[in-house]
Amino acid sequence: MTRPLLIVGGGPAGMSAALAAAEHGVRSSVVDEGLDLGGQIYRKPTRPDGGAPPHRRGEQLRARVAALAERIEVKRSTAAWGIFEGKRVAISQDGASELLEPQALVLSPGALEFVPPFPGATLPGVMTPGAGQILVKTMGISPGARVVVAGSGPFLLAVACQLVASGVHVAAVLEASPRAPWLALPLAGFRTPGLLLDGIRYLARLRLAGVRVLHSRIVVAAHGDGALREIEHAPVDADWNPDRTRAVRMECDALLVGFGFVPRVQLAQMAGCRLEWRPEVGGWTPVRDENLATTVDGVYAAGDGAGVAGALVAESEGRLAGLAAAHRLGALDAARFAALRAPIVARLRRLAPLRRALDAISLPRPGLAQLVDDATTVCRCEDVAWRDVREAVRAGCTTYRSLKVATRVGMGACQGCSCWPGVARLVAAETKGSPESAGPASPRPPVRPVTLGELAESRIAP
Amino acid sequence: MEHVEFQLNGEAVRCPSGLTIAGALFHLRRTTTRTTRRGAPRTLFCGMGVCCECVMEVDGRASVRTCMTLVRPGMRVDAQRGDAELFEAS
(Lines give C-alpha, C1' and ligand atoms only; values in the text may rest on other atoms or scores of the structure.)
Protein backbone atom coordinates (compact mmCIF):
# COMPACT_ATOMS: atom_id res chain seq x y z
CA MET A 1 0.00 0.00 0.00
CA THR A 2 1.37 3.41 -0.94
CA ARG A 3 1.50 5.84 1.97
CA PRO A 4 -0.38 9.14 1.53
CA LEU A 5 2.79 11.23 1.24
CA LEU A 6 5.80 10.41 -0.91
CA ILE A 7 9.02 12.40 -0.66
CA VAL A 8 11.67 11.97 -3.32
CA GLY A 9 15.10 13.02 -2.06
CA GLY A 10 16.22 12.57 1.56
CA GLY A 11 18.50 15.57 2.05
CA PRO A 12 17.74 18.41 4.49
CA ALA A 13 14.57 19.40 2.56
CA GLY A 14 13.19 15.86 2.26
CA MET A 15 13.93 14.88 5.86
CA SER A 16 12.33 18.09 7.16
CA ALA A 17 9.25 17.55 5.00
CA ALA A 18 8.80 14.03 6.36
CA LEU A 19 9.31 15.22 9.96
CA ALA A 20 6.86 18.11 9.63
CA ALA A 21 4.18 15.86 8.14
CA ALA A 22 4.81 13.16 10.75
CA GLU A 23 4.28 15.69 13.55
CA HIS A 24 0.69 15.85 12.34
CA GLY A 25 0.24 12.14 11.96
CA VAL A 26 0.86 11.90 8.21
CA ARG A 27 2.53 8.67 7.15
CA SER A 28 5.16 9.07 4.45
CA SER A 29 7.81 7.26 2.44
CA VAL A 30 11.15 8.90 1.73
CA VAL A 31 12.91 7.60 -1.37
CA ASP A 32 16.61 8.33 -1.80
CA GLU A 33 19.30 7.07 -4.16
CA GLY A 34 22.03 7.36 -1.57
CA LEU A 35 23.26 4.72 0.85
CA ASP A 36 21.67 6.72 3.68
CA LEU A 37 19.64 9.87 4.28
CA GLY A 38 21.41 13.22 4.32
CA GLY A 39 21.69 14.23 0.69
CA GLN A 40 25.04 15.57 -0.42
CA ILE A 41 25.56 18.13 2.34
CA TYR A 42 24.89 15.75 5.24
CA ARG A 43 26.34 12.64 3.62
CA LYS A 44 27.40 10.03 6.13
CA PRO A 45 30.88 8.44 6.04
CA THR A 46 30.75 4.91 4.65
CA ARG A 47 34.18 3.80 5.83
CA PRO A 48 34.25 2.96 9.52
CA ASP A 49 37.92 3.89 9.97
CA GLY A 50 38.25 6.80 7.53
CA GLY A 51 36.70 10.06 6.49
CA ALA A 52 35.48 12.97 8.57
CA PRO A 53 32.95 12.82 11.44
CA PRO A 54 29.39 13.29 10.13
CA HIS A 55 27.83 16.76 10.15
CA ARG A 56 26.00 17.36 13.45
CA ARG A 57 22.83 18.78 11.88
CA GLY A 58 22.64 15.81 9.54
CA GLU A 59 22.97 13.39 12.45
CA GLN A 60 20.18 15.20 14.32
CA LEU A 61 17.80 15.05 11.36
CA ARG A 62 18.58 11.37 10.71
CA ALA A 63 18.01 10.55 14.39
CA ARG A 64 14.67 12.35 14.41
CA VAL A 65 13.56 10.48 11.30
CA ALA A 66 14.66 7.18 12.84
CA ALA A 67 12.70 7.98 16.03
CA LEU A 68 9.55 8.34 13.91
CA ALA A 69 10.09 5.10 11.99
CA GLU A 70 6.42 4.16 12.45
CA ARG A 71 5.36 7.17 10.44
CA ILE A 72 8.35 7.65 8.14
CA GLU A 73 9.39 4.77 5.93
CA VAL A 74 12.87 5.23 4.42
CA LYS A 75 13.76 3.58 1.13
CA ARG A 76 17.54 3.87 0.68
CA SER A 77 19.49 3.09 -2.51
CA THR A 78 16.22 3.58 -4.33
CA ALA A 79 15.93 5.57 -7.55
CA ALA A 80 12.78 7.33 -8.76
CA TRP A 81 13.08 6.80 -12.51
CA GLY A 82 9.77 8.06 -13.81
CA ILE A 83 6.68 10.03 -12.87
CA PHE A 84 3.49 9.44 -14.79
CA GLU A 85 0.19 11.28 -14.85
CA GLY A 86 -1.62 11.38 -11.54
CA LYS A 87 1.49 11.51 -9.34
CA ARG A 88 2.36 7.89 -10.09
CA VAL A 89 6.05 7.44 -9.30
CA ALA A 90 8.13 4.52 -10.58
CA ILE A 91 10.94 3.50 -8.25
CA SER A 92 13.70 0.92 -8.50
CA GLN A 93 15.36 -0.83 -5.58
CA ASP A 94 17.65 -3.88 -5.67
CA GLY A 95 16.86 -4.47 -9.34
CA ALA A 96 13.07 -4.46 -8.87
CA SER A 97 10.69 -1.69 -9.88
CA GLU A 98 7.30 -0.74 -8.50
CA LEU A 99 4.80 2.06 -8.90
CA LEU A 100 3.77 4.27 -5.97
CA GLU A 101 0.56 6.30 -6.08
CA PRO A 102 0.66 8.83 -3.23
CA GLN A 103 -1.97 11.50 -2.62
CA ALA A 104 0.70 14.16 -2.15
CA LEU A 105 4.25 14.32 -3.46
CA VAL A 106 7.20 16.40 -2.26
CA LEU A 107 10.09 16.66 -4.71
CA SER A 108 13.39 17.48 -3.01
CA PRO A 109 16.03 16.08 -5.39
CA GLY A 110 18.72 18.70 -4.73
CA ALA A 111 21.09 20.23 -7.23
CA LEU A 112 24.10 19.23 -9.29
CA GLU A 113 27.27 21.15 -9.89
CA PHE A 114 27.67 23.26 -13.00
CA VAL A 115 30.76 22.45 -15.04
CA PRO A 116 30.85 24.13 -18.46
CA PRO A 117 32.70 22.24 -21.19
CA PHE A 118 36.38 23.16 -21.63
CA PRO A 119 39.29 21.40 -23.35
CA GLY A 120 40.44 18.42 -21.30
CA ALA A 121 37.45 18.48 -18.93
CA THR A 122 36.74 14.80 -19.59
CA LEU A 123 40.23 13.60 -18.57
CA PRO A 124 40.20 11.18 -15.62
CA GLY A 125 41.20 13.27 -12.60
CA VAL A 126 38.92 16.18 -13.50
CA MET A 127 35.84 16.00 -11.29
CA THR A 128 33.38 18.21 -9.45
CA PRO A 129 34.30 19.66 -6.04
CA GLY A 130 31.43 17.57 -4.65
CA ALA A 131 32.93 14.34 -6.01
CA GLY A 132 36.30 15.16 -4.45
CA GLN A 133 34.61 16.08 -1.20
CA ILE A 134 32.78 12.74 -1.08
CA LEU A 135 35.99 10.80 -1.66
CA VAL A 136 37.82 12.51 1.16
CA LYS A 137 34.96 13.18 3.58
CA THR A 138 33.07 9.90 3.50
CA MET A 139 35.87 7.47 2.61
CA GLY A 140 39.18 9.11 3.53
CA ILE A 141 40.37 8.70 -0.07
CA SER A 142 42.38 11.46 -1.71
CA PRO A 143 41.26 12.52 -5.21
CA GLY A 144 44.92 13.01 -6.11
CA ALA A 145 48.42 13.74 -4.83
CA ARG A 146 48.31 17.39 -5.93
CA VAL A 147 44.88 18.96 -6.21
CA VAL A 148 43.61 22.22 -7.74
CA VAL A 149 40.15 23.48 -6.70
CA ALA A 150 38.59 25.86 -9.22
CA GLY A 151 35.35 27.53 -10.28
CA SER A 152 33.22 29.93 -8.27
CA GLY A 153 31.34 30.23 -5.03
CA PRO A 154 31.88 29.55 -1.33
CA PHE A 155 31.63 25.78 -1.73
CA LEU A 156 35.14 25.76 -3.23
CA LEU A 157 36.56 27.08 0.04
CA ALA A 158 34.69 24.48 2.10
CA VAL A 159 35.98 21.64 -0.07
CA ALA A 160 39.55 22.98 -0.11
CA CYS A 161 39.45 23.13 3.71
CA GLN A 162 38.23 19.56 3.99
CA LEU A 163 41.00 18.38 1.67
CA VAL A 164 43.64 20.23 3.70
CA ALA A 165 42.24 18.87 6.96
CA SER A 166 42.63 15.34 5.57
CA GLY A 167 46.25 15.96 4.64
CA VAL A 168 45.68 16.36 0.89
CA HIS A 169 48.03 18.74 -0.90
CA VAL A 170 45.97 21.59 -2.42
CA ALA A 171 48.11 23.47 -4.96
CA ALA A 172 45.70 26.41 -5.32
CA VAL A 173 42.10 27.58 -5.22
CA LEU A 174 41.14 29.48 -8.39
CA GLU A 175 38.02 31.63 -7.97
CA ALA A 176 36.59 33.23 -11.11
CA SER A 177 35.03 36.25 -9.39
CA PRO A 178 37.10 39.22 -8.20
CA ARG A 179 38.09 39.63 -4.56
CA ALA A 180 36.45 42.99 -3.82
CA PRO A 181 32.76 41.94 -3.60
CA TRP A 182 33.69 39.11 -1.21
CA LEU A 183 35.03 41.68 1.22
CA ALA A 184 31.62 43.41 1.24
CA LEU A 185 29.73 40.23 2.19
CA PRO A 186 29.48 41.08 5.92
CA LEU A 187 27.10 43.91 4.95
CA ALA A 188 24.67 41.39 3.46
CA GLY A 189 25.26 38.70 6.05
CA PHE A 190 25.05 40.50 9.37
CA ARG A 191 21.72 38.83 10.13
CA THR A 192 23.18 35.37 9.51
CA PRO A 193 26.50 35.58 11.37
CA GLY A 194 26.90 31.79 11.49
CA LEU A 195 27.22 31.50 7.73
CA LEU A 196 29.61 34.43 7.58
CA LEU A 197 31.81 32.95 10.29
CA ASP A 198 32.01 29.68 8.34
CA GLY A 199 33.42 31.60 5.39
CA ILE A 200 35.94 33.50 7.49
CA ARG A 201 37.04 30.28 9.17
CA TYR A 202 37.60 28.60 5.78
CA LEU A 203 39.81 31.44 4.59
CA ALA A 204 41.80 31.48 7.83
CA ARG A 205 42.43 27.72 7.65
CA LEU A 206 43.54 27.87 4.04
CA ARG A 207 45.91 30.73 4.80
CA LEU A 208 47.32 28.78 7.75
CA ALA A 209 47.93 25.79 5.47
CA GLY A 210 49.63 28.03 2.93
CA VAL A 211 47.01 27.42 0.21
CA ARG A 212 46.76 30.31 -2.24
CA VAL A 213 43.29 31.56 -3.15
CA LEU A 214 43.62 33.35 -6.50
CA HIS A 215 40.73 35.51 -7.70
CA SER A 216 39.65 36.41 -11.26
CA ARG A 217 41.20 33.25 -12.68
CA ILE A 218 39.66 30.40 -14.65
CA VAL A 219 40.97 27.02 -15.78
CA VAL A 220 40.98 27.31 -19.58
CA ALA A 221 42.31 23.81 -20.33
CA ALA A 222 43.35 20.53 -18.72
CA HIS A 223 46.14 18.45 -20.23
CA GLY A 224 47.31 14.86 -19.94
CA ASP A 225 47.51 11.62 -21.89
CA GLY A 226 44.76 9.38 -20.53
CA ALA A 227 44.89 11.13 -17.13
CA LEU A 228 45.22 14.70 -15.88
CA ARG A 229 48.81 15.95 -15.67
CA GLU A 230 48.51 19.75 -15.66
CA ILE A 231 46.05 22.61 -16.07
CA GLU A 232 46.25 26.00 -17.68
CA HIS A 233 44.64 28.93 -15.93
CA ALA A 234 44.20 32.49 -17.14
CA PRO A 235 43.02 35.82 -15.74
CA VAL A 236 39.45 36.86 -16.62
CA ASP A 237 37.64 40.18 -16.97
CA ALA A 238 34.41 41.12 -15.19
CA ASP A 239 32.39 38.89 -17.58
CA TRP A 240 34.86 36.05 -17.06
CA ASN A 241 36.29 36.31 -20.58
CA PRO A 242 39.74 34.74 -20.28
CA ASP A 243 42.93 36.39 -21.49
CA ARG A 244 44.74 33.34 -22.89
CA THR A 245 47.89 35.30 -23.72
CA ARG A 246 48.51 35.41 -19.96
CA ALA A 247 47.71 31.73 -19.25
CA VAL A 248 50.04 29.85 -16.91
CA ARG A 249 50.45 26.12 -16.39
CA MET A 250 50.19 24.30 -13.09
CA GLU A 251 50.93 20.65 -12.40
CA CYS A 252 48.22 18.59 -10.70
CA ASP A 253 46.69 15.13 -10.94
CA ALA A 254 43.23 16.16 -9.72
CA LEU A 255 41.16 19.19 -10.68
CA LEU A 256 37.98 19.80 -8.71
CA VAL A 257 36.00 22.27 -10.81
CA GLY A 258 32.48 23.66 -10.45
CA PHE A 259 30.74 27.00 -10.99
CA GLY A 260 27.87 26.80 -8.53
CA PHE A 261 24.84 24.54 -8.80
CA VAL A 262 21.94 23.73 -11.10
CA PRO A 263 18.56 22.55 -9.70
CA ARG A 264 17.66 18.99 -10.68
CA VAL A 265 14.27 19.38 -12.32
CA GLN A 266 13.87 16.07 -14.18
CA LEU A 267 11.31 14.71 -11.72
CA ALA A 268 9.29 17.95 -11.70
CA GLN A 269 9.30 17.92 -15.49
CA MET A 270 8.07 14.31 -15.67
CA ALA A 271 5.36 15.16 -13.14
CA GLY A 272 4.19 17.85 -15.56
CA CYS A 273 5.18 20.87 -13.44
CA ARG A 274 5.64 24.14 -15.30
CA LEU A 275 9.20 25.51 -15.14
CA GLU A 276 10.47 29.08 -15.14
CA TRP A 277 13.92 30.49 -15.93
CA ARG A 278 15.57 31.93 -12.82
CA PRO A 279 19.29 32.20 -13.55
CA GLU A 280 19.94 33.77 -10.13
CA VAL A 281 19.12 30.43 -8.45
CA GLY A 282 20.71 28.15 -11.04
CA GLY A 283 18.49 28.11 -14.13
CA TRP A 284 15.22 26.26 -14.73
CA THR A 285 13.09 25.82 -11.59
CA PRO A 286 9.55 24.61 -10.98
CA VAL A 287 6.99 27.42 -10.66
CA ARG A 288 5.78 27.44 -7.02
CA ASP A 289 3.18 29.29 -4.97
CA GLU A 290 3.69 30.72 -1.47
CA ASN A 291 3.23 27.22 0.01
CA LEU A 292 5.75 25.64 -2.38
CA ALA A 293 3.01 23.90 -4.40
CA THR A 294 3.96 23.42 -8.05
CA THR A 295 1.53 23.86 -10.93
CA VAL A 296 0.50 20.19 -10.60
CA ASP A 297 -2.13 19.49 -7.96
CA GLY A 298 -0.65 17.87 -4.85
CA VAL A 299 2.99 18.15 -5.98
CA TYR A 300 5.33 20.33 -3.90
CA ALA A 301 8.96 21.27 -4.56
CA ALA A 302 11.48 22.16 -1.84
CA GLY A 303 15.20 22.76 -1.43
CA ASP A 304 18.01 23.24 -3.91
CA GLY A 305 16.13 21.29 -6.58
CA ALA A 306 13.59 24.10 -6.69
CA GLY A 307 16.18 26.91 -6.74
CA VAL A 308 19.67 26.72 -5.26
CA ALA A 309 19.80 28.36 -1.83
CA GLY A 310 21.75 26.02 0.47
CA ALA A 311 21.00 23.60 3.31
CA LEU A 312 19.43 26.04 5.78
CA VAL A 313 16.89 27.32 3.26
CA ALA A 314 16.29 23.72 2.14
CA GLU A 315 15.47 22.64 5.67
CA SER A 316 12.96 25.47 6.14
CA GLU A 317 11.41 24.89 2.73
CA GLY A 318 11.12 21.18 3.44
CA ARG A 319 9.28 21.91 6.65
CA LEU A 320 6.92 24.28 4.85
CA ALA A 321 6.25 21.74 2.07
CA GLY A 322 5.64 18.99 4.65
CA LEU A 323 3.14 21.16 6.54
CA ALA A 324 1.43 22.21 3.29
CA ALA A 325 1.10 18.54 2.30
CA ALA A 326 -0.30 17.68 5.76
CA HIS A 327 -2.79 20.53 5.39
CA ARG A 328 -3.82 19.26 1.96
CA LEU A 329 -4.25 15.72 3.31
CA GLY A 330 -6.59 17.05 5.99
CA ALA A 331 -4.24 16.43 8.93
CA LEU A 332 -3.79 20.12 9.70
CA ASP A 333 -6.51 22.80 9.70
CA ALA A 334 -6.07 26.19 8.00
CA ALA A 335 -5.60 28.26 11.19
CA ARG A 336 -2.96 25.91 12.60
CA PHE A 337 -1.18 25.73 9.25
CA ALA A 338 -1.05 29.54 9.05
CA ALA A 339 0.34 29.76 12.59
CA LEU A 340 3.08 27.19 11.90
CA ARG A 341 3.90 28.72 8.55
CA ALA A 342 4.63 32.26 9.79
CA PRO A 343 7.95 31.59 11.60
CA ILE A 344 9.24 29.56 8.66
CA VAL A 345 8.54 32.41 6.26
CA ALA A 346 10.27 34.84 8.64
CA ARG A 347 13.33 32.59 8.80
CA LEU A 348 13.50 32.24 5.03
CA ARG A 349 13.37 36.03 4.77
CA ARG A 350 16.29 36.32 7.21
CA LEU A 351 18.41 33.89 5.19
CA ALA A 352 17.79 35.64 1.86
CA PRO A 353 20.17 38.67 1.82
CA LEU A 354 23.47 36.80 2.25
CA ARG A 355 22.37 34.23 -0.29
CA ARG A 356 21.47 36.93 -2.82
CA ALA A 357 24.83 38.63 -2.29
CA LEU A 358 26.71 35.35 -2.77
CA ASP A 359 24.71 34.61 -5.93
CA ALA A 360 25.47 38.03 -7.34
CA ILE A 361 29.19 37.39 -6.89
CA SER A 362 29.54 33.81 -7.98
CA LEU A 363 26.86 33.14 -10.61
CA PRO A 364 28.30 31.99 -13.95
CA ARG A 365 29.13 34.81 -16.36
CA PRO A 366 28.97 34.68 -20.20
CA GLY A 367 32.76 34.31 -20.57
CA LEU A 368 32.43 30.62 -19.64
CA ALA A 369 31.12 30.07 -23.18
CA GLN A 370 34.54 31.15 -24.54
CA LEU A 371 36.40 28.07 -23.29
CA VAL A 372 35.46 25.48 -25.94
CA ASP A 373 37.43 24.69 -29.08
CA ASP A 374 36.35 22.54 -32.05
CA ALA A 375 37.33 19.22 -30.48
CA THR A 376 36.06 19.91 -26.95
CA THR A 377 33.63 17.27 -25.73
CA VAL A 378 30.37 19.01 -24.81
CA CYS A 379 28.25 15.90 -24.03
CA ARG A 380 30.11 13.53 -21.73
CA CYS A 381 27.84 10.49 -22.17
CA GLU A 382 27.80 10.43 -25.95
CA ASP A 383 31.26 12.02 -26.41
CA VAL A 384 30.00 14.70 -28.81
CA ALA A 385 32.46 17.39 -29.96
CA TRP A 386 31.59 21.09 -29.97
CA ARG A 387 32.35 21.26 -33.72
CA ASP A 388 29.36 18.99 -34.46
CA VAL A 389 26.97 20.87 -32.18
CA ARG A 390 28.07 24.26 -33.52
CA GLU A 391 27.50 23.13 -37.11
CA ALA A 392 24.02 21.93 -36.15
CA VAL A 393 23.28 25.25 -34.44
CA ARG A 394 24.38 27.12 -37.56
CA ALA A 395 22.09 24.84 -39.59
CA GLY A 396 19.16 25.97 -37.44
CA CYS A 397 18.99 23.50 -34.53
CA THR A 398 18.78 25.64 -31.38
CA THR A 399 16.69 23.58 -28.95
CA TYR A 400 17.47 20.53 -26.83
CA ARG A 401 15.27 18.27 -28.91
CA SER A 402 16.55 19.34 -32.33
CA LEU A 403 20.20 19.22 -31.25
CA LYS A 404 19.70 15.82 -29.64
CA VAL A 405 18.32 14.42 -32.89
CA ALA A 406 21.01 16.09 -35.01
CA THR A 407 24.09 15.37 -32.87
CA ARG A 408 23.18 12.94 -30.03
CA VAL A 409 24.01 15.67 -27.50
CA GLY A 410 22.09 14.91 -24.28
CA MET A 411 20.99 11.50 -25.58
CA GLY A 412 23.04 9.45 -23.12
CA ALA A 413 22.39 7.95 -19.73
CA CYS A 414 22.21 11.31 -17.90
CA GLN A 415 19.64 12.64 -20.41
CA GLY A 416 21.29 16.03 -20.66
CA CYS A 417 21.37 16.54 -16.91
CA SER A 418 25.14 17.14 -16.89
CA CYS A 419 25.73 18.68 -20.29
CA TRP A 420 22.65 20.66 -21.27
CA PRO A 421 23.10 23.61 -18.88
CA GLY A 422 26.53 24.15 -20.46
CA VAL A 423 25.46 23.45 -24.04
CA ALA A 424 22.48 25.82 -23.69
CA ARG A 425 24.95 28.59 -22.81
CA LEU A 426 27.08 27.76 -25.85
CA VAL A 427 23.99 27.80 -28.06
CA ALA A 428 23.03 31.16 -26.56
CA ALA A 429 26.48 32.57 -27.27
CA GLU A 430 26.40 31.24 -30.83
CA THR A 431 22.91 32.66 -31.55
CA LYS A 432 23.44 35.82 -29.47
CA GLY A 433 20.38 34.82 -27.44
CA SER A 434 19.75 33.70 -23.88
CA PRO A 435 20.13 30.17 -22.48
CA GLU A 436 16.44 30.51 -21.69
CA SER A 437 15.50 30.43 -25.37
CA ALA A 438 17.32 27.09 -25.80
CA GLY A 439 14.88 25.67 -23.22
CA PRO A 440 15.44 22.94 -20.64
CA ALA A 441 16.43 19.35 -21.43
CA SER A 442 13.33 17.16 -21.62
CA PRO A 443 13.71 13.87 -19.75
CA ARG A 444 11.98 10.63 -20.71
CA PRO A 445 11.48 7.80 -18.25
CA PRO A 446 13.46 5.82 -17.30
CA VAL A 447 15.85 8.59 -16.21
CA ARG A 448 18.04 6.02 -14.43
CA PRO A 449 19.60 2.89 -15.90
CA VAL A 450 16.90 0.19 -15.58
CA THR A 451 17.15 -3.15 -17.38
CA LEU A 452 14.47 -4.32 -19.80
CA GLY A 453 14.01 -7.42 -17.64
CA GLU A 454 13.28 -5.25 -14.61
CA LEU A 455 10.76 -3.20 -16.58
CA ALA A 456 9.01 -6.33 -17.88
CA GLU A 457 8.97 -7.89 -14.43
CA SER A 458 7.48 -4.75 -12.84
CA ARG A 459 4.44 -4.67 -15.16
CA ILE A 460 4.49 -0.87 -14.99
CA ALA A 461 2.33 0.40 -17.84
CA PRO A 462 2.38 4.19 -17.98
CA MET B 1 41.74 -1.96 9.19
CA GLU B 2 39.30 -4.38 7.60
CA HIS B 3 39.71 -5.19 3.94
CA VAL B 4 37.56 -6.65 1.20
CA GLU B 5 38.69 -8.55 -1.85
CA PHE B 6 37.00 -8.26 -5.20
CA GLN B 7 37.64 -8.86 -8.90
CA LEU B 8 38.59 -5.84 -11.02
CA ASN B 9 38.73 -6.57 -14.75
CA GLY B 10 39.37 -10.22 -13.95
CA GLU B 11 42.13 -9.59 -11.41
CA ALA B 12 41.88 -10.09 -7.64
CA VAL B 13 42.36 -6.78 -5.77
CA ARG B 14 41.74 -5.59 -2.21
CA CYS B 15 40.72 -2.34 -0.57
CA PRO B 16 39.60 -1.11 2.86
CA SER B 17 35.98 -1.98 3.60
CA GLY B 18 33.32 0.71 3.43
CA LEU B 19 34.34 2.13 0.06
CA THR B 20 32.14 2.66 -2.95
CA ILE B 21 33.48 0.93 -6.07
CA ALA B 22 34.51 4.36 -7.41
CA GLY B 23 36.28 5.09 -4.13
CA ALA B 24 38.09 1.75 -4.36
CA LEU B 25 39.26 2.57 -7.89
CA PHE B 26 40.82 5.82 -6.64
CA HIS B 27 42.36 3.96 -3.69
CA LEU B 28 43.88 1.45 -6.13
CA ARG B 29 44.86 4.23 -8.58
CA ARG B 30 43.21 2.26 -11.38
CA THR B 31 40.45 4.67 -12.14
CA THR B 32 39.10 3.84 -15.62
CA THR B 33 35.45 2.82 -15.40
CA ARG B 34 34.46 2.94 -19.04
CA THR B 35 35.58 4.07 -22.48
CA THR B 36 33.41 6.23 -24.72
CA ARG B 37 32.38 5.45 -28.29
CA ARG B 38 35.54 7.33 -29.36
CA GLY B 39 37.64 5.17 -27.03
CA ALA B 40 38.36 7.87 -24.40
CA PRO B 41 38.83 6.66 -20.80
CA ARG B 42 36.44 8.00 -18.16
CA THR B 43 36.00 7.76 -14.41
CA LEU B 44 34.22 9.34 -11.44
CA PHE B 45 33.06 12.86 -12.26
CA CYS B 46 29.98 14.06 -10.31
CA GLY B 47 30.27 11.51 -7.50
CA MET B 48 26.54 11.54 -6.78
CA GLY B 49 24.88 9.37 -9.38
CA VAL B 50 23.89 11.99 -11.94
CA CYS B 51 26.48 12.00 -14.72
CA CYS B 52 26.83 8.23 -15.26
CA GLU B 53 30.54 8.62 -16.18
CA CYS B 54 31.52 5.99 -13.61
CA VAL B 55 29.22 3.19 -14.76
CA MET B 56 30.69 -0.32 -14.91
CA GLU B 57 29.52 -3.89 -15.28
CA VAL B 58 29.00 -5.28 -11.78
CA ASP B 59 28.39 -9.01 -11.33
CA GLY B 60 27.31 -9.16 -14.94
CA ARG B 61 24.86 -6.28 -14.69
CA ALA B 62 25.66 -3.41 -17.08
CA SER B 63 25.71 0.35 -16.36
CA VAL B 64 25.87 0.21 -12.57
CA ARG B 65 26.81 3.60 -11.09
CA THR B 66 29.95 2.78 -9.12
CA CYS B 67 29.77 6.00 -7.06
CA MET B 68 26.50 4.77 -5.55
CA THR B 69 27.48 1.15 -4.95
CA LEU B 70 29.59 -0.23 -2.10
CA VAL B 71 32.25 -2.86 -2.75
CA ARG B 72 31.12 -6.29 -1.53
CA PRO B 73 33.47 -9.22 -0.99
CA GLY B 74 33.86 -11.31 -4.13
CA MET B 75 32.15 -8.75 -6.35
CA ARG B 76 33.03 -8.89 -10.05
CA VAL B 77 33.64 -5.44 -11.49
CA ASP B 78 34.46 -4.87 -15.16
CA ALA B 79 35.09 -1.77 -17.25
CA GLN B 80 32.57 -0.99 -19.99
CA ARG B 81 33.78 -0.41 -23.53
CA GLY B 82 31.88 2.18 -25.53
CA ASP B 83 33.83 1.47 -28.69
CA ALA B 84 33.28 -2.30 -28.64
CA GLU B 85 31.63 -3.98 -31.60
CA LEU B 86 28.14 -5.01 -30.57
CA PHE B 87 27.96 -8.00 -32.90
CA GLU B 88 31.20 -9.67 -33.74
CA ALA B 89 31.28 -11.83 -36.85
CA SER B 90 30.89 -15.46 -35.87
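Residue numbers start from 1 in every chain, and the chains themselves are labelled A, B, ... in the order their sequence lines are given, proteins ahead of strands. Only heavy atoms go into these numbers, but all of them, side chains included; no hydrogens, no water, no symmetry mates.
With a 6.0 Å radius and a threshold of 12 heavy atoms from other residues, nucleotides or ligands, A:R76 has its CZ atom above the threshold. By the 6.0 Å contact criterion, CD on B:Q7 is enclosed, its count of non-hydrogen atoms from other residues, nucleotides or ligands being greater than 12.
Looking only at side-chain heavy atoms (C-beta outward), A:V384 and B:R37 come within less than 4.5 Å of each other. Looking at B:R61 and A:E454, their side chains come closer than 4.5 Å, going by heavy atoms from C-beta outward. In this structure, the side chains of B:M48 and A:R43 come closer than 4.5 Å at one or more pairs of heavy atoms. Side-chain contact between B:F45 and A:T122: absent, with no pair of heavy atoms (C-beta onward) separated by less than 4.5 Å. Contact of the B:E53 side chain with the A:M127 side chain is not registered, since no non-hydrogen atoms from C-beta on lie closer than 4.5 Å.
Heavy atoms of A:L112 lying under 4.5 Å from chain B belong to its backbone as well as its side chain. In this structure, the portion of A:V115 lying under 4.5 Å from any heavy atom of chain B is its side chain and not its backbone. Within the 4.5 angstrom heavy-atom criterion, only side-chain atoms of B:T31, from C-beta onward, approach chain A. Residue contact with chain B, scored on non-hydrogen atoms closer than 4.5 Å, involves the side chain of A:Q40 exclusively. In this structure, chain B has no heavy atom under 4.5 Å from any part of A:A227.
Pairs passing the salt bridge (Lys or Arg N to Asp or Glu O under 4.0 Å) check and including a residue from residues 111-120 of chain A, sequence neighbours excluded, do not occur.
Residues of residues 17-27 of chain B that come within less than 4.5 angstrom of chain A, heavy atom to heavy atom, are B:S17, B:G18, B:L19, B:T20, B:G23, B:F26, B:H27 in numerical order.
Judged by distance alone, with hydrogens and angles left aside, the side-chain atoms of B:R42 form a donor-acceptor pair with the main-chain N or O of A:R380 at under 3.5 Å.
Listed here is the closest heavy atom pair of A:T128 and B:C46: OG1-O, 3.4 Å.
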Using atom types as modelled, flag every donor-acceptor pair under 3.5 Å from a side chain in residues 253-262 of chain A to any protein atom, sequence neighbours excluded.
from: A:D253; atom 1: OD1; to: A:A145; atom 2: N; distance (Å): 2.9
from: A:D253; atom 1: OD1; to: A:R146; atom 2: N; distance (Å): 2.9
from: A:D253; atom 1: OD2; to: A:A145; atom 2: N; distance (Å): 3.0

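Comment: A:E382 does not engage B:R38 in a salt bridge, judged by the lack of any side-chain N to carboxylate O separation of less than 4.0 angstrom.
When the candidates B:C52, B:P41, B:A40 are compared by the number of heavy-atom contacts under 4.5 Å with chain A, B:P41 comes out ahead.
Residues satisfying the ring pair (Phe, Tyr, Trp, His ring centres under 6.0 Å) test with A:Y42, not counting sequence neighbours, are A:H55.
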